Each structure stands twice: as C-alpha cells, then as structure tokens.
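None of the values given here were measured: they were computed from a predicted structure.
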Protein chains: 2
Amino acid sequence: MSYSTRQREVILEILQQSDRPLTPPDIRERASQGSAGIGLATVYRALKFFMAQGMIVLVEIPGAVPCYEPADRGHHHHFICQQCRLVFDVQGCVHDLEALAPRDFQVQRHDIILYGVCARCGAQ
Amino acid sequence: MSYSTRQREVILEILQQSDRPLTPPDIRERASQGSAGIGLATVYRALKFFMAQGMIVLVEIPGAVPCYEPADRGHHHHFICQQCRLVFDVQGCVHDLEALAPRDFQVQRHDIILYGVCARCGAQ
DNA sequence: TAAGAATTGAGAATCCAATCTCAAATCAAC
DNA sequence: GTTGATTTGAGATTGGATTCTCAATTCTTA
C-alpha cells in the first residue's frame with residue numbers, strides 16, 4: 001500500500017511543469033517556495049517511488065548532477081550549458097546511430113549530449 | 001619543474017597501448033603486473049598531470065567509472081556494455097547534430113553514447 | 001656524487017550524493 | 001473519530017571516488 005501525500009504531489013507537479021530536467025536540490029528548492037519546506041530525503045524517496053512507477057526517468061549527463069524529468073516526453077536528447085550547468089531538452093534525433101558500433105555489438109539505446117552555451121548565458 | 005619517472009612512463013604507455021579507455025583502478029592493476037606496484041594516488045596524480053599537458057582526455061559515461069584515454073585518437077564516441085560495464089571506442093560520427101539545439105544556443109561539442117551488449121558478453 | 005626539488009606510496013582524510021534512523025506527523029479505511 | 005500502516009524531516013551515516021599527508025625515495029643539474 002502507498003499513500004498519496006502533499007509532498008509527492010508537489011514533487012510530481014514541479015517535474016511536470018518544468019521545461020528542463022531538475023536535480024533533487026532543484027526540486028527541494030522549488031517545493032519550498034511555498035509555505036512548508038520539504039526534506040531532501042523526502043525528495044529522494046519520492047523520486048525513487050516515481051521511478052519505480054515508471055512515471056519519471058533519470059537523466060544522467062557527465063559533468064552534471066543527475067536530474068529527473070517526466071517519462072512521457074518522447075524520444076529526445078539533452079544540452080548542457082558549460083556556464084550555468086543547467087540541462088535542457090532538445091528535440092529531434094538522428095538515424096543510423098547503431099551503425100557506428102562494431103557488427104558484433106548489440107546497441108540497445110543511445111544518448112546524444114550537446115555541450116555549449118545556452119541562450120541566457122550567451123546573451124551575457 | 002617536473003620530473004620524468006618510471007611510474008608516469010608506465011602509466012602513459014598503458015593508456016596508449018589500450019584499445020579502450022581505462023579507469024584509475026584499471027591502470028593501477030595493469031601497472032602492477034610487473035615487479036613493483038604503483039599507488040593509486042600516484043595514478044591519480046599522473047592522470048591529472050597528463051590532463052594538464054593535454055596528453056590524455058577524461059571519458060565520462062553515466063553509469064561507468066570515469067576513465068581516460070590518449071588525446072590523439074581523433075573524433076570518436078563510446079559504447080558501454082550494460083553487462084561488463086566496460087567502455088569501448090566506436091569510430092565514426094553523424095552530421096548536423098548542432099542543428100538539434102535551439103537557434104539561440106551555441107553548440108561547442110557533442111557526445112554520442114551507445115548502450116548495449118559487447119561482443120564478448122553477447123557470446124555469453 | 002652532492003644537493004635541492006619533485007615524486008612516490010600507504011593510509012588517513014575529504015567530499016558529496018544518496019541512504020538510513022526514528023520519533024512525530026499524515027494518511028486511508030473503518 | 002480511531003487505528004494501524006505509511007510517510008516525513010533533520011541530521012547522522014554510508015559508500016565510493018578522489019585528495020591529502022608526510023617521510024622516504026627518486027630525479028635533475030651541476
């Protein structure tokens with residue numbers, strides 16, 4: 001049995017309303033904008049719970065803190081700003097990536113990560 | 001001033017002779033095949049030194065221990081085996097990746113990571 | 001080969017994300 | 001509302017990679 005709690009609802013809503021993947025500290029910070037704060041342990045527990053439910057996915061980018069986003073955003077990739085370190089979604093993909101691997105390697109999935117400067121940082 | 005030592009020479013040679021990126025423990029293990037062992041701290045210090053010299057590069061793959069390879073291997077990408085967790089080089093690339101990012105984002109570089117099962121693990 | 005500077009090795013210490021602890025609070029069902 | 005199960009929060013703890021410590025060793029130059 002599992003309960004629906006104010007904290008979990010807030011955490012899920014924050015993830016759904018964000019246009020980019022969020023780190024646990026990001027989530028905690030946003031969740032604490034309102035009245036009561038939320039413990040970091042609670043954020044981690046909720047993320048684990050939603051992951052197990054298949055409602056969110058983990059986004060791991062080298063050089064960035066692991067972050068999370070809703071699982072229903074379709075196939076896409078990520079951009080990380082070298083200045084502010086924020087992770088952004090980028091739509092689209094390319095074909096024939098599997099062809100890069102040696103013939104006797106089985107490719108199950110792929111990630112494309114773009115590194116650069118985001119619009120905000122680029123404008124100073 | 002910096003000295004050339006047996007340990008650093010061994011470490012660099014191990015990296016150059018490997019056909020895949022190696023982790024610090026990998027390097028230490030291989031360096032200790034011969035007579036004298038090498039301390040892990042020494043491995044980390046040498047890697048830091050070679051990085052500063054621009055002779056090697058860090059390869060970061062989510063889910064894998066950070067590993068290193070010579071900097072002169074040209075543009076390529078990586079494959080990580082989901083079973084043995086080893087990281088392999090894959091040659092080739094695809095074009096127009098920069099086009100995936102929003103127009104006001106500047107793309108400086110990219111990474112492609114393939115996840116799957118390597119030849120050895122695929123053959124049991 | 002003498003001397004000063006850099007490096008090494010082993011283990012301790014640090015760092016930091018993630019997990020655990022446990023009493024207090026919250027939830028769902030009756 | 002009562003009750004028992006689940007969840008929360010704060011801080012302590014863990015785990016694993018990396019760095020630090022410092023005496024001993026190695027290297028370079030002269």
Side-chain angles (χ1 to χ4, degrees), chain A residues 1-15 20-53 55-69 78 80 84-87, chain B residues 1-15 20-53 55-69 78 80 84-87:
Chain A
M1 203 66 325
S2 72
Y3 296 159
S4 169
T5 66
R6 177 184 66 83
Q7 290 87 340
R8 286 189 183 169
E9 287 168 9
V10 168
I11 289 169
L12 189 56
E13 185 170 336
I14 286 173
L15 283 172
R20 63 176 183 83
L22 298 177
T23 65
D26 281 342
I27 295 166
R28 173 183 153 88
E29 189 178 343
R30 295 190 184 201
S32 303
Q33 296 283 328
S35 47
I38 283 190
L40 192 54
T42 300
V43 173
Y44 276 103
R45 278 182 297 230
L47 291 173
K48 194 171 193 176
F49 174 81
F50 292 134
M51 286 274 285
Q53 300 284 311
M55 303 174 73
I56 66 175
V57 295
L58 170 63
V59 178
E60 287 180 287
I61 306 286
V65 177
C67 47
Y68 298 80
E69 67 184 0
H78 299 95
I80 176 172
C84 64
R85 294 276 123 192
L86 293 184
V87 176
Chain B
M1 207 60 331
S2 71
Y3 298 158
S4 169
T5 66
R6 178 184 65 84
Q7 290 87 341
R8 285 190 183 168
E9 286 168 9
V10 167
I11 289 170
L12 190 56
E13 185 172 335
I14 286 173
L15 283 172
R20 63 176 183 80
L22 298 177
T23 65
D26 281 342
I27 295 167
R28 172 182 154 88
E29 188 177 345
R30 296 188 184 200
S32 302
Q33 297 283 329
S35 48
I38 284 190
L40 192 53
T42 299
V43 174
Y44 276 104
R45 278 182 297 228
L47 292 173
K48 194 171 193 175
F49 174 79
F50 292 135
M51 287 274 286
Q53 300 283 311
M55 303 174 73
I56 65 173
V57 295
L58 170 63
V59 178
E60 287 181 283
I61 306 285
V65 177
C67 47
Y68 298 81
E69 68 184 359
H78 298 94
I80 176 172
C84 64
R85 295 274 123 193
L86 293 184
V87 175

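Inter-residue side-chain proximity for M55(B) and F49(B) is flagged as unmet; no heavy-atom pair is nearer than 4.5 Å. Looking at L22(A) and R30(A), their side chains come closer than 4.5 Å, going by heavy atoms from C-beta outward. The closest side-chain heavy-atom distance from E60(A) to L58(A) is below 4.5 Å. Proximity of I27(B) to I38(B): side-chain heavy atoms (C-beta onward) are nowhere separated by under 4.5 Å.
At dT19(C), none of the side-chain N or O atoms of R45(A) fall inside 4.0 Å of OP1 or OP2 (strictly under the cut-off). Taking 4.0 angstrom as the limit, R6(A) places none of its side-chain polar atoms (N or O) nearer than this to OP1 or OP2 of dT26(C). Between T42(B) and dG9(C) there is a side-chain polar atom (N or O) within less than 4.0 angstrom of OP1 or OP2. Phosphate proximity of dT8(C) to T5(B): present, with a side-chain N or O under 4.0 Å from OP1 or OP2. OP1 or OP2 of dT26(D) has not a single side-chain nitrogen or oxygen of Q7(B) nearer than 4.0 Å.
For the pair L40(B) and S4(B), both in contact range of DNA chain C, the more 5′-proximal nearest nucleotide belongs to S4(B).
As rounded to whole Å, 10 Å separates atom C1' of dT8(C) from atom CD1 of I38(B). At whole-Å resolution of the value, CZ in F49(B) and P in dC27(D) are 14 Å apart. For the pair R85(A) CZ and dC16(C) C1', the computed distance is 17 Å after rounding to whole Å. Taking atom CE on M51(B) and atom P on dT19(D), their separation rounds to 10 Å, with Å as the unit. At whole-Å resolution of the value, CG in L12(A) and P in dT7(D) are 15 Å apart. For the pair R8(A) CZ and dA28(C) P, the computed distance is 11 Å after rounding to whole Å. dA17(C) atom C1' lies 13 Å from atom CG of L58(A), rounded to whole Å. Between Y3(A) atom OH and dT6(D) atom P the separation is 6 Å, expressed in whole Å.
In this model, no side-chain donor or acceptor of Y44(B) finds a partner on the base of dA17(D) within 3.5 Å.
Closest contact between the side chain of A41(B) and the listed nucleotides dT26(C), dA10(C), dG9(D) involves dA10(C).
R85(A) contributes a side-chain N or O that, together with a main-chain N or O of G63(A), makes up a donor-acceptor pair within less than 3.5 Å.
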